[in-house]
Q: 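Encoded as structure tokens, here's the structure I'll be asking about.
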Amino acid sequence: MRFSRLFARTLRDAPADAEAPSHQLLVRAAYIRQLISGIYTFLPLGLKTLRKTEAIVREEMNAAGAQELLMPIVLPSEPWKITGRWQAYAAEQLMFTLKDRAGRELGLGPTHEEIVTPLVAAEFESYRDLPVNLYQIQWKYRDEARPRSGLLRSREFLMKDAYSFDRDVEGLKESYASMVEAYNRVFDRCGLTYRVVEADPGLIGGDVNHEFMAPAEVGEDLFVRCTNCDYAANLEAASAAEPGAREGGQEDLAVVETPGRATVKGVTEFLGVDPKALLKSLAFEVDGKPVLALVPGDRELNETKLRRALAPGEVRMLDDDDFQKHGMIKGFVGPQDLEGVQIVADHRVRSRAAWVTGANKLDHHATGVVDGRDFAVDRYEDLATVAEGDPCPRCGGSLEIGRSIEVGHTFQLGTRYSEALKATFVDEDGSEQPFVMGCYGIGVSRVVAAAAEQHSDDKGLAWPKALAPYQVVVIVVNGDDERVVAEAERVYTELGARGVEVVLDDREAAAGVKFNDADLMGFPVQVAVGKRGIKSGTADLKRRSTGDRSDAPLPGVTAAVLELLESLA
């Protein structure tokens, strides 16, 4: 490819709304262009990188024994309503929905469990047909409330989704392990630094699941890791070692006036107490019935954990009108003297020490409130979000929190979808059994963004060799010199003949512009041919990832480039 014909115009400045480095660089380097918020056109350079990522994923899925198919994007609502996910996605306004001319409800697929499960059930009837693993690489759609960070949080994205079907849990574990190994190979080949962490299943469901997290400062996902052992989990799923009882003496319960103090900060400053001594009482409804969740004042309630603890009930935080309905006063709720309210408390609340909490009276709090004496907890659960420095649940070491990008997610679904959709097979004893399922996703377009985050610097992108749209750029430094042009053309032709993906920068532009664009676009190897090199009989080679430069004799440039490429990751 000649740069003069390449459909790629670099930009000096990033769009005003581009905050993530990957977003800024992919736009500036002419890889993507925004059509509307959260939806992007992939330009030729971007599409080549996307296709290379896709090819790696496809190769590893095939090697793991998965078979590729392609399912529709436009999906009927009926199976989604059976599993309850139509309602769940509607509640969070995540699914793009539409109606056809006959008034039938349809949705643009965010994932395909409801489609692939009946498909397999219709085709495979016997345990002898199992296991089977099917995958597709398909565009997905989610109506993100705040699409941002370019390809990291978009409304249209390319995804690889795979679905395994086994006869029993042991078979599922084997299929799952095979997919996890394949994912490791995918991300290794894509040049990503990543961690495999325990995760929350979200709307997908299932018991065992793991996220593949690529650490990055711009990452929207927080993950927890132990500094002493291999424990790692995303923040929603992470737990700390169960704490010991909070120290402190008991005292008589007293009600004190706290005018206008309805926050932890306001109450603790007014009363002169440590936030650890204050008890947060957070009010919810579960299937219409009131529930109070208790966590210490220095901790945040992890609503994901609360929802998991109270599943399958539908959990909803109270709004202003609900407080009055349940006889509660917003900002001044306490667990004492409440009737008909289920109380669920974090393990840190299990203490004989006195608490400060709401007094269930406007502008008043209670001091000296003791668990077991002044209120009764119905259930103790792990409800609080892990904090930096908490003890590891496995080894007791210190936990630290980092930012990351989720690039893959694997789930052991069990029979959630097969039972709901009545997808069964005939087992060896003649009985009908539901398929035992797993599902496995890789954000293909998100991998591109994650790689751009991890492989870039202040000059631009610095792609790993496997993802670069072109491995080498040959730069004509002095286009007005026939000898320079001829030598650059020779190198370009020889590299192409040796199977190297190479672009020739033959533009009528200043050398500085060409060098800047080469850095910005991130081609792994740069070969500069100019008058000075012609005189000395050499060409300048640059390794983009490190900036290291070397000279190669003109007759041996091709061999030197091939050797340099061989050394690159």
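Quantities reported herein were computed from a predicted structural model and do not represent experimental measurements.
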Q: Please determine whether the number of non-hydrogen atoms from other residues, nucleotides or ligands lying under 6.0 Å from atom CD of E78 exceeds 12.
A: yes

Q: Between E406 and S404, does any side-chain donor sit less than 3.5 Å from a side-chain acceptor?
A: no

Q: Using atom types as modelled and distance alone, determine if a side-chain donor or acceptor of N360 lies under 3.5 Å from a backbone N or O of Q336.
A: yes

Q: Can you tell if the side chain of Y89 reaches within under 4.5 Å of the side chain of T111, non-hydrogen atoms only?
A: yes

Q: What distance do D252 atom CG and D374 atom CG have between them, rounded to the nearest 0.5 Å?
A: 9.0 Å

Q: May I ask you to say whether R153 pairs ionically with E220, meaning some side-chain N is under 4.0 Å from a carboxylate O?
A: yes

Q: For Y417 and T83, what are the C-alpha separation, side-chain angles and deciding distance, and is it a side-chain contact (heavy atoms from CB on, under 4.5 Å)?
A: CA-CA 7 Å; Y417 293 91; T83 64; 3.9 Å; yes

Q: Run the salt-bridge test on E105 and K81 with the 4.0 Å N-O cut-off and return the result as yes or no.
A: yes

Q: Between H409 and F411, what is the ring plane arrangement, given parallel below 30°, perpendicular above 60°, and tilted in between?
A: parallel

Q: When you check the side-chain N and O atoms of E211 and N234, is any donor under 3.5 Å from an acceptor?
A: yes

Q: D129 side chain to F124 main-chain N or O, any donor-acceptor pair under 3.5 Å?
A: no

Q: Rounded to the nearest 0.5 Å, how far apart are OG1 of T227 and CG of L399?
A: 7.5 Å

Q: Verify whether one side chain among Y127 and D429 offers a donor that lies under 3.5 Å from an acceptor in the other.
A: no

Q: Counting N and O atoms only, with roles assigned by atom type, does the side chain of E113 sit under 3.5 Å from a partner on the main chain of C439, one being a donor and the other an acceptor?
A: no

Q: Does any donor atom in the side chain of Q412 or Y176 lie under 3.5 Å from an acceptor atom in the other side chain?
A: no

Q: Closer than 3.5 angstrom, by distance alone: can the side chain of R307 be matched with the main-chain N or O of V315 as a donor-acceptor pair?
A: yes

Q: The test is side-chain hydrogen bond (donor to acceptor under 3.5 Å, both in side chains); show your working for H347 and E381 and say whether it passes.
A: CA-CA 6 Å; H347 293 296; E381 300 282 354; 5.7 Å; no

Q: Verify side-chain hydrogen bond (donor to acceptor under 3.5 Å, both in side chains) between S431 and Q433, making sure each step is shown before the conclusion.
A: CA-CA 6 Å; S431 64; Q433 298 294 333; 3.0 Å; yes

Q: Do any N or O atoms from the side chain of D274 and from the backbone of A277 form a donor-acceptor pair under 3.5 angstrom?
A: no

Q: Tell me which one of D321, D363, D319, D320 satisfies salt bridge (Lys or Arg N to Asp or Glu O under 4.0 Å) with K330.
A: D320

Q: Examine the side chains of D161 and Q136 and answer whether a donor and an acceptor come within less than 3.5 Å of each other.
A: yes

Q: Looking at R379 and A309, would you say the former's side chain and the latter's main chain have a donor-acceptor pair under 3.5 Å?
A: yes

Q: Measuring from atom OG1 of T117 to atom CZ of R416, what distance do you get when rounded to the nearest 0.5 angstrom?
A: 11.0 Å

Q: Has R394 got its NZ or CZ under 6.0 Å from the middle of the six-membered ring of Y231, at an angle within 45 degrees of the ring axis?
A: no

Q: Can you see which heavy atom on Y163 is nearest to which on V116, and at what distance?
A: CG-CG1, 3.6 Å

Q: To the nearest 0.5 Å, how far apart are CZ in R148 and CD in E19?
A: 9.5 Å

Q: Report the distance from atom CD1 of I405 to atom OG of S149, rounding to the nearest 0.5 Å.
A: 8.5 Å

Q: Look at D322 together with K325 and state whether they make a salt bridge at an N to O cut-off of under 4.0 Å.
A: yes

Q: Report yes or no: do E300 and T385 form a side-chain donor-acceptor pair below 3.5 Å?
A: no

Q: So which heavy atom on L192 is nearest to which on Q454, and how close?
A: CA-OE1, 3.5 Å

Q: Show your reasoning for whether side-chain contact (heavy atoms from CB on, under 4.5 Å) applies to I442 and M159.
A: CA-CA 6 Å; I442 289 178; M159 179 177 171; over 6 Å; no

Q: Does E217, at its CD atom, have more than 12 non-hydrogen atoms belonging to other residues, nucleotides or ligands within less than 6.0 Å?
A: no

Q: Tell me whether the rings of Y194 and F212 are parallel (<30°), tilted (30 to 60°) or perpendicular (>60°).
A: tilted

Q: Please determine if E60 and R189 form a salt bridge, counting it only when a charged side-chain N lies under 4.0 Å from a carboxylate O.
A: yes

Q: Check for a donor-acceptor pair, side chain of T263 on one end and backbone N or O of G266 on the other, with a separation under 3.5 Å.
A: yes

Q: Does one side chain, of S398 or E400, offer a donor that lies under 3.5 Å from an acceptor on the other?
A: no

Q: Do the charged groups of R403 and D221 touch, with an N to O distance under 4.0 Å?
A: no

Q: Check this for me: does any side-chain nitrogen of one of E144 and R155 sit under 4.0 Å from a carboxylate oxygen of the other?
A: no

Q: May I ask you to check whether T415 and E419 show a side-chain donor-acceptor distance below 3.5 Å?
A: yes

Q: Are H365 and F332 an aromatic pair, judged by ring center distance below 6.0 Å?
A: yes

Q: For the pair Y40 and H23, name the ring-plane relationship: parallel under 30°, tilted 30 to 60°, perpendicular over 60°.
A: perpendicular

Q: Output yes when E114 and R85 qualify as a salt bridge under the 4.0 Å nitrogen-oxygen rule, no when they do not.
A: yes

Q: I'd like to know if the side chain of R446 and the backbone of V407 have a donor-acceptor N/O pair within less than 3.5 Å.
A: no

Q: If you look at every heavy atom in P464 and C190, which pair is closest and at what distance?
A: CG-O, 3.5 Å

Q: Check this for me: does any side-chain nitrogen of one of D390 and R225 sit under 4.0 Å from a carboxylate oxygen of the other?
A: no

Q: Side chains of D166 and S175: do they bring a donor and an acceptor to under 3.5 Å?
A: yes

Q: Under 6.0 Å from the CD atom of E174, do we count more than 12 heavy atoms belonging to anything else shown?
A: no

Q: Taking NZ, NE, NH1 and NH2 as the nitrogens, is one of them in D287 or K289 under 4.0 Å from a carboxylate oxygen of the other?
A: no

Q: Can you find a heavy atom in the side chain of P110 that is under 4.5 Å from one in the side chain of K140?
A: no

Q: Distance alone, cut at 3.5 Å: any donor-acceptor contact between the side chains of T410 and Y183?
A: no

Q: Kindly compute the distance separating CG (L172) from CG (L413), expressed to the nearest 0.5 Å.
A: 8.0 Å

Q: Any side-chain donor paired with an acceptor under 3.5 Å for D382 and S239?
A: yes

Q: Under 3.5 Å, is there a donor-acceptor pair between the side chain of S164 and the main chain of G438?
A: yes

Q: How close do P434 and S418 get, heavy atom to heavy atom, and via which atoms?
A: CB-OG, 3.5 Å

Q: Report the C-alpha separation of V180 and Y440 in whole Å, then their side-chain angles, then the decisive distance to 0.1 Å, and conclude whether the side-chain contact (heavy atoms from CB on, under 4.5 Å) test is met.
A: CA-CA 9 Å; V180 169; Y440 319 90; over 6 Å; no

Q: Assess the residue pair L75 and W80 against the criterion (side-chain contact (heavy atoms from CB on, under 4.5 Å)); give the C-alpha distance rounded to whole Å, side-chain angles, the decisive distance to 0.1 Å, and a yes or no.
A: CA-CA 9 Å; L75 311 178; W80 285 75; 3.9 Å; yes

Q: Is there a donor-acceptor contact under 3.5 Å from the side chain of E388 to the main chain of I401?
A: yes

Q: Could you go step by step and tell me if R299 and D346 meet the salt bridge (charged side-chain N to carboxylate O under 4.0 Å, His left out) rule?
A: CA-CA 10 Å; R299 293 284 171 161; D346 183 73; over 6 Å; no

